[in-house]
Amino acid sequence: MACAKHFAAYGAAEAGLDYNAVDMSERRLREIYLPPFKAAADAGAGSFMTAYMDLNGVPATANSWLLQTVLREEWQFDGMVVSDFLSVSDLITHGLAANLSEAGRYALNAGVDVEMASTSYGQFGAALLAAGQVSIETINERVSNVLRAKFRLGLFNRPFPFADEQWENQTLLKAEFRQAAREMAAQSFVLLKNDRRTLPINLAKIRALTLIGSLADDTMPDLWKGDSKAEDTVTILQGIRDKLSAVRSPSAPLVFRYEKGCEPGCPSDRDFPAALDAARTADFVILVVGELANASGEAASLTDLNLSGRQLDLVKAVADLGVPYAVVLRNGRPLTIEWLAENAPAILVTWHPGTMGGAAVADVLFGDVNPSGKLPITFPRNVGQIPLYYAHKNPPKPAPPFTSHYLDSVKTPLYPFGFGLSYTTFSIEELRLSASRIRVGESVTVSVEVRNIGQREGQEVVQLYIHDLVARITQPIRQLKAFQKISLTAGEVRRIEFVLGSEELAYLDPEFRMTVEPGAFDVYVGNSSDATLTVRLFVHPPASSHSHG
């Protein structure tokens, strides 16, 4: 059973600090933070998990507007709602409840069906019912939601469907599953920079290869790893060794060396000399830097997004040798890597790629897989720009020098949302509308010609954005409305189509209704949120109506 979490606005904590309070307008909630949860509910998610934090003065686990008005009444969700770990008893920490009995009362009445870890329901549920603080109708509803979920899962016919050791041993780490993990990891990687076709590494042209970085030999699983084991993880070091063993020719031997460069976190340069000695004798160097898995995720907030410790010093020391090199980033968040963006020949973002991540990294570095990932989040130049996102509003422009700018930095991102390179090159041209003018309620087809103008097959993610120029509620300068991932052989050209209709052109009006208003829309198509290919669409009132201006 899929669980959508953490409901809702958990990622908007003050100061970027986990579990901190969230205070935001209902409009921003409904425009930005609730739609992904609505999509999860519409797709059939069977449960929702409440968030820890305080939302506009009421903790999410006791927030009846969130759990009842929005989730149950507006969205007609009939699945199960479960609290996060101890989030019911944490209502005491919030200062909402004086004791565990009150915490249980708040959660039950707000709409939490299952209490995780704390025990207020079991300890005080009967007494709350007897005292009239929780109604029998509320109890029946909570129980019904749980029973409905169990029936849908078939648990009354087979109570322990996955408690089968033989099935577990036959299923976990099956070859086809490991291969799928390998392919998915490779497709998630994002090539940020590739000057002079530094990547992929051409083994036919090198005789000595050096790998540097303690993260290259890191087996630490991600924080929420489930039952995965460190010993099952293919590290980047192992992935490269396996790749070299498979392709190495006795007639053309290759010397491969690995040096950690420094300990995890890179607290000192004590091990730099050995790494630099290995780099100095190499024809190509792979530098793996970034952050450990436990530096990302829950309860792992940071105030500094630079490479930790002396990692950047290590990269600079290798760069000073003049040996060709590429940087592989291991990261769970955008990092501030302006020096790398300006100086490193190639940068490959690999996130925390899971059990088969090392094999996937080798596949991409040596060209067996052409990277096609796009950034799902904006990379800032420095932390002072955060929050930084593409779908921002247009700031006013009184008169120079009174403009929206920083005195010490440009305001553009280092890498925009949707950005990602390939080992080939694509052109996106000939943007057309099936009609330049439509009426409210009608749709229009947007088409564009995509051509692979490079030397090898590749995949491109073609993205469509719109800007509603004038509306009763001001609109972002760009909003992603559609995308397609297509594969093209070298020289191949294809015209692809998108459809823009009421769902894509609507916005949340002053009365919180999804509305399409007559007016002009700029349509952009490209391979990132910085797309420049544009055409204007005009939407007119319905035939029997008049514009409201």
Side-chain angles (χ1 to χ4, degrees), residues 178-179 181-194 197-221 230-250 252-262 264 266 271 274-293 311 314-315 318 321 323-331 344-371 373 423:
R178 292 173 67 91
Q179 180 61 27
R182 181 174 184 165
E183 293 172 2
M184 287 188 288
Q187 289 209 29
S188 76
F189 299 162
V190 183
L191 184 63
L192 293 183
K193 187 178 180 184
N194 196 27
R197 297 182 181 178
T198 300
L199 294 176
I201 300 168
N202 187 346
L203 290 175
K205 294 184 177 181
I206 64 174
R207 293 292 177 265
L209 176 67
T210 293
L211 174 66
I212 296 174
S214 59
L215 289 175
D217 197 27
D218 172 46
T219 60
M220 180 186 294
E231 57 266 28
D232 295 327
T233 298
V234 177
T235 65
I236 294 175
L237 173 59
Q238 187 60 51
I240 290 175
R241 279 177 172 160
D242 291 344
K243 183 71 67 177
L244 295 179
S245 296
V247 301
R248 186 175 294 171
S249 169
L254 184 146
V255 176
F256 174 64
R257 292 181 63 180
Y258 166 68
E259 293 290 341
K260 62 184 179 181
C262 52
C266 210
D271 296 314
L276 295 177
D277 179 65
R280 193 174 289 109
T281 60
D283 298 315
F284 196 95
V285 176
I286 302 167
L287 273 159
V288 182
V289 294
E291 54 185 9
L292 288 164
Q311 289 185 95
L314 177 60
V315 177
V318 171
L321 298 176
V323 178
Y325 71 98
V327 172
V328 174
L329 276 182
R330 283 276 307 274
N331 53 310
I347 306 170
L348 180 68
V349 173
T350 65
W351 314 110
H352 295 305
T355 303
M356 295 299 293
V361 170
D363 288 340
V364 173
L365 288 177
F366 296 105
D368 295 319
V369 173
N370 191 348
Y423 290 155

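Please read all numbers here as calculations on a predicted model, not as lab measurements.
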Non-hydrogen side-chain atoms of V285 and L321 separated by less than 4.5 Å: no
Residue pair C262 / S214: nearest heavy atoms and the distance that separates them: O-CB, 3.2 Å
Residue pairs, two or more places apart or on separate chains, that pass salt bridge (charged side-chain N to carboxylate O under 4.0 Å, His left out) and touch residues 233-243: K243-D363, K243-D368
Taking every non-hydrogen atom, the tightest pair across G367 and Y423: CA-CE1, 4.2 Å
Modelled atom types, side-chain donor and acceptor of E183 and Q187, under 3.5 Å: no
Partner residues of V190 under the side-chain contact (heavy atoms from CB on, under 4.5 Å) criterion, sequence neighbours left out: L192, V349, W351, L375
CG-OG1 distance between L287 and T210, expressed to the nearest 0.5 angstrom: 9.5 Å
Heavy-atom pair of closest approach, residues G239 and V234: N-CG1, 3.9 Å
Reported OH-to-CD1 distance for the pair Y258 and I240, which is rounded to 0.5 angstrom: 10.0 Å
Pair V364-L191, side-chain contact (heavy atoms from CB on, under 4.5 Å): steps then yes or no: CA-CA 10 Å; V364 173; L191 184 63; over 6 Å; no
From CG (L237) to CZ (F256), nearest 0.5 Å: 5.5 Å
Spacing of I286 atom CD1 and L211 atom CG [to the nearest 0.5 Å]: 5.5 Å
pair E291-H352: side-chain heavy atoms closer than 4.5 Å: yes
Side chain to side chain donor-acceptor pair (under 3.5 Å) partners of K260, counting only residues at least two apart: E263
Pairing residues for Q311 by the side chain to side chain donor-acceptor pair (under 3.5 Å) criterion, not counting sequence neighbours: S308
Residues which pass side-chain contact (heavy atoms from CB on, under 4.5 Å) with A360, listed by chain and number, not counting sequence neighbours: R182, A185, A186, F189
Any donor-acceptor pair under 3.5 Å from N194 side chain to L199 backbone: yes
Within-4.5 Å side-chain heavy-atom neighbours: V328 and L215: no
For D232, salt bridge (charged side-chain N to carboxylate O under 4.0 Å, His left out) partners two or more places apart: none
Over all atoms of both residues, closest heavy-atom pair of Y325 and F284: C-CZ, 3.9 Å
Set of residues satisfying side-chain contact (heavy atoms from CB on, under 4.5 Å) with respect to V255, sequence neighbours excluded: A208, R257
R207: side-chain contact (heavy atoms from CB on, under 4.5 Å) partners, not counting sequence neighbours: A252, D283
By side chain to side chain donor-acceptor pair (under 3.5 Å) - contacts of N202 (at least two apart): none
Heavy-atom donor-acceptor pair, T350 side chain to L329 backbone, under 3.5 Å: yes
Gap between atom CG of D271 and atom CD1 of I212 - 0.5 Å precision: 11.5 Å
Shortest non-hydrogen separation from P345 to K193 and the atoms involved: O-CG, 3.8 Å
Note, V323 side chain near V318 side chain (heavy atom, < 4.5 Å): no
T219 side-chain N/O to T233 backbone N/O, donor-acceptor pair under 3.5 Å: no
Check against side-chain contact (heavy atoms from CB on, under 4.5 Å), L244 and L209: CA-CA 10 Å; L244 295 179; L209 176 67; 4.2 Å; yes
